[in-house]
Protein chains: 2
Amino acid sequence: MSLATDKLDDKPTLYKQIRRDIETRILTGEWPPGHRIPFEHQLMACYRCSRMTVNKALSELAQADLIERRRRAGSFVRRPQHLSAVLKIADIRAEITALGRSYGYQLVQCARRAASAADRARLGVRKAGKVIAITCRHSADNVPFALEDRLIDLEAVPEAAHADFAAEPPGSWLLHHVPWTEAEHTISAVVADDRTADALGIAVGAPCLVIDRYTWRSARTLTAVRLHYPGESHRLVARFKGG
Amino acid sequence: MSLATDKLDDKPTLYKQIRRDIETRILTGEWPPGHRIPFEHQLMACYRCSRMTVNKALSELAQADLIERRRRAGSFVRRPQHLSAVLKIADIRAEITALGRSYGYQLVQCARRAASAADRARLGVRKAGKVIAITCRHSADNVPFALEDRLIDLEAVPEAAHADFAAEPPGSWLLHHVPWTEAEHTISAVVADDRTADALGIAVGAPCLVIDRYTWRSARTLTAVRLHYPGESHRLVARFKGG
DNA sequence: TTGACTTATATGTCTAGACATATAATCGTG
DNA sequence: CACGATTATATGTCTAGACATATAAGTCAA
């Protein structure tokens with residue numbers, strides 16, 4: 001279980017030095033959340049450099065959400081984002097092939113229909129419209145990997161009408177054809193019902209990891225998908241830095 | 001399920017305009033992974049601005065991992081990071097109080113002992129040494145919220161010997177007293193065994209979300225913790241931006 | 001063909017200024 | 001005291017330069 005030393009080997013430059021100094025103080029707790037970072041002009045004097053140099057350091061810390069900058073007031077250490085969570089799982093096919101396993105895909109069902117009330121609730125739309133409902137299965141080395149139930153809003157993604165979801169998984173198709181701006185994952189655990197157990201080749205009552213993913217482009221829901229993973233075998237691994 | 005329009009309302013400035021233009025082309029796929037972004041001097045001419053302005057735009061895109069910059073070669077669209085995952089859950093007490101619920105804590109067991117072979121394997125240490133093993137329970141509004149099984153390496157965190165884990169949850173204590181540099185979460189699903197079901201007040205065989213968290217400081221494991229959440233009630237929500 | 005050397009060039013960092021702008025703090029007035 | 005107007009100030013953005021440096025590409029000799 002070795003740990004990568006992220007980027008400690010790159011040449012130290014002044015702005016990185018400044019950024020690092022501040023970062024260290026934040027991570028060690030020497031500067032707790034809410035603490036005001038020295039003003040830019042103070043750091044200029046301290047490090048004997050121009051304002052643009054300290055500004056670059058502070059801007060990067062702000063982009064990384066470690067500090068918050070407020071006009072006239074100064075820069076402050078942000079509270080660590082409790083319970084804030086970020087999870088990215090873009091494409092199951094890519095995930096499986098990246099693991100060096102062979103990817104398999106079976107389309108179980110694909111229907112184009114007028115949105116039901118339940119569909120509209122799931123997609124967060126009011127008006128009537130058409131949707132595509134897809135059920136499919138992903139497998140790795142011929143072992144079921146995940147069961148996918150997806151809804152695509154055809155009003156938001158009209159191109160999807162011409163996609164061949166028997167040939168290409170909807171997730172991959174969407175990733176390559178439809179730009180998105182924001183997404184949300186919700187992770188929970190359930191026990192397998194008949195249908196899920198059957199599709200994943202596990203026992204009824206076996207644990208499953210469930211991921212619900214909603215994808216938007218500029219406040220418009222594009223697609224909603226629910227994925228069932230066999231819970232014992234599949235794991236989501238998340239590694240990160242920070243304080 | 002409304003969606004915050006992240007930062008579309010802020011004043012458009014030139015470097016943001018440039019960043020946005022490039023971002024859009026990447027997200028729409030107009031510039032696929034590997035595509036070379038125009039050189040800085042081309043963008044300077046195109047937008048009629050100084051090099052620092054385009055540099056700021058490109059630097060931010062690079063920091064966000066949307067592009068990769070290579071000296072002499074130029075800037076290139078990066079492959080989307082499939083299966084990359086990030087998850088942050090710092091402190092259960094903070095999580096619960098942030099939800100506006102009352103936090104409760106019960107220490108079930110706390111033992112200081114020489115590290116067993118299993119302990120050493122879990123912490124990734126070779127040498128013999130002392131550890132603290134803690135089992136405790138977190139509750140929200142007097143309903144069991146999570147069961148925690150934690151191991152703290154006393155060689156790495158000697159201060160922990162003086163902490164009172166009956167009064168303060170170990171996660172909170174560690175967060176406030178011990179700086180860390182890197183962590184890893186693994187999420188999986190299981191069904192509750194006797195002990196877990198009993199502690200969480202759920203049925204044996206009910207689904208549970210399991211989070212294993214390892215925390216390091218400079219390649220040294222500080223603590224390993226396993227959390228069981230009642231799977232039906234607890235959800236991890238992850239929201240993020242990007243392509 | 002291959003390896004070593006040179007050169008051109010795009011990015012990396014930095015400066016010493018400038019004006020814009022949001023807003024905390026102060027001041028003044030009813 | 002409450003509230004609106006003013007002011008001071010820290011950050012936000014931008015410029016027109018500069019030199020450093022890694023490296024792709026070209027050059028030349030073995």
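The sequence lines fix the lettering, A, B, ..., with proteins before strands; numbering per chain opens at 1.
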Inset, instruction - Can you tell me the distance, in whole Å, between the CZ atom of B:R72 and the C1' atom of D:dT23? - result: 7 Å
Legend entry - Sidechain-backbone polar pair: B:T221 side chain, B:L123 backbone, donor-acceptor under 3.5 Å: yes
Legend entry - Under 3.5 Å donor-acceptor, A:D164 side chain and A:A166 backbone: yes
Legend entry - Separation of C:dT13 C1' from A:Q17 CD (nearest whole Å): 15 Å
Legend entry - N or O in side chain of A:S59 less than 4.0 angstrom from D:dG12 OP1/OP2: no
Legend entry - Atom-to-atom span, CZ of A:R51 to P of D:dT9 - whole angstrom: 15 Å
Inset, instruction - Write down the distance between CZ (B:R70) and P (C:dT9), rounded to a whole number of angstrom. - result: 19 Å
Inset, instruction - Go through the steps for B:I22 and B:W31 under the test side-chain contact (heavy atoms from CB on, under 4.5 Å), then give the verdict. - result: CA-CA 9 Å; B:I22 295 171; B:W31 288 351; 4.0 Å; yes
Legend entry - Nucleotide of D:dC14, D:dT13, D:dA10 approaching A:F39 most closely (side-chain heavy atoms): D:dA10
Inset, instruction - For B:E40 and for B:M52, find the nucleotide of DNA chain C with the closest heavy atom, then tell me which residue's nucleotide is more 5'. - result: B:E40
Inset, instruction - Identify which nucleotide among D:dA10, C:dT15, D:dC14 has an atom closest to any side-chain atom of A:C49, counting heavy atoms from C-beta outward. - result: C:dT15
Legend entry - Between B:N55 and B:Y15: side-chain donor-acceptor atoms closer than 3.5 Å: no
Legend entry - Check: A:T53 and A:I18 side chains under 4.5 Å, non-hydrogen atoms: yes
Inset, instruction - Looking at every strand, decide which applies to A:L58 at a 4.0 Å heavy-atom threshold: base, sugar-phosphate, or nothing. - result: nothing
Inset, instruction - Using atom CD of A:E60 as one end and atom P of D:dG12 as the other, report the distance to the nearest whole Å. - result: 14 Å
Inset, instruction - Return the value, rounded to whole Å, for the distance between atom CG of B:L43 and atom P of C:dA10. - result: 12 Å
Inset, instruction - Please state whether the base of D:dA22 and the side chain of B:R71 form at least one donor-acceptor pair under 3.5 Å? - result: no
Legend entry - Any A:T13 side-chain nitrogen or oxygen under 4.0 Å from OP1 or OP2 of C:dG12: no
Legend entry - d(CG, A:N55; P, C:dA18) in whole Å: 17 Å
Inset, instruction - Rounded to the nearest angstrom, tell me the gap between atom CZ in A:R69 and atom C1' in D:dT9. - result: 14 Å
Inset, instruction - Look at B:T53 and D:dT13 and indicate whether a side-chain polar atom (N or O) is within less than 4.0 Å of OP1 or OP2. - result: no
Legend entry - Distance test, side-chain N/O of B:K16 to OP1/OP2 of D:dG12, below 4.0 Å: no
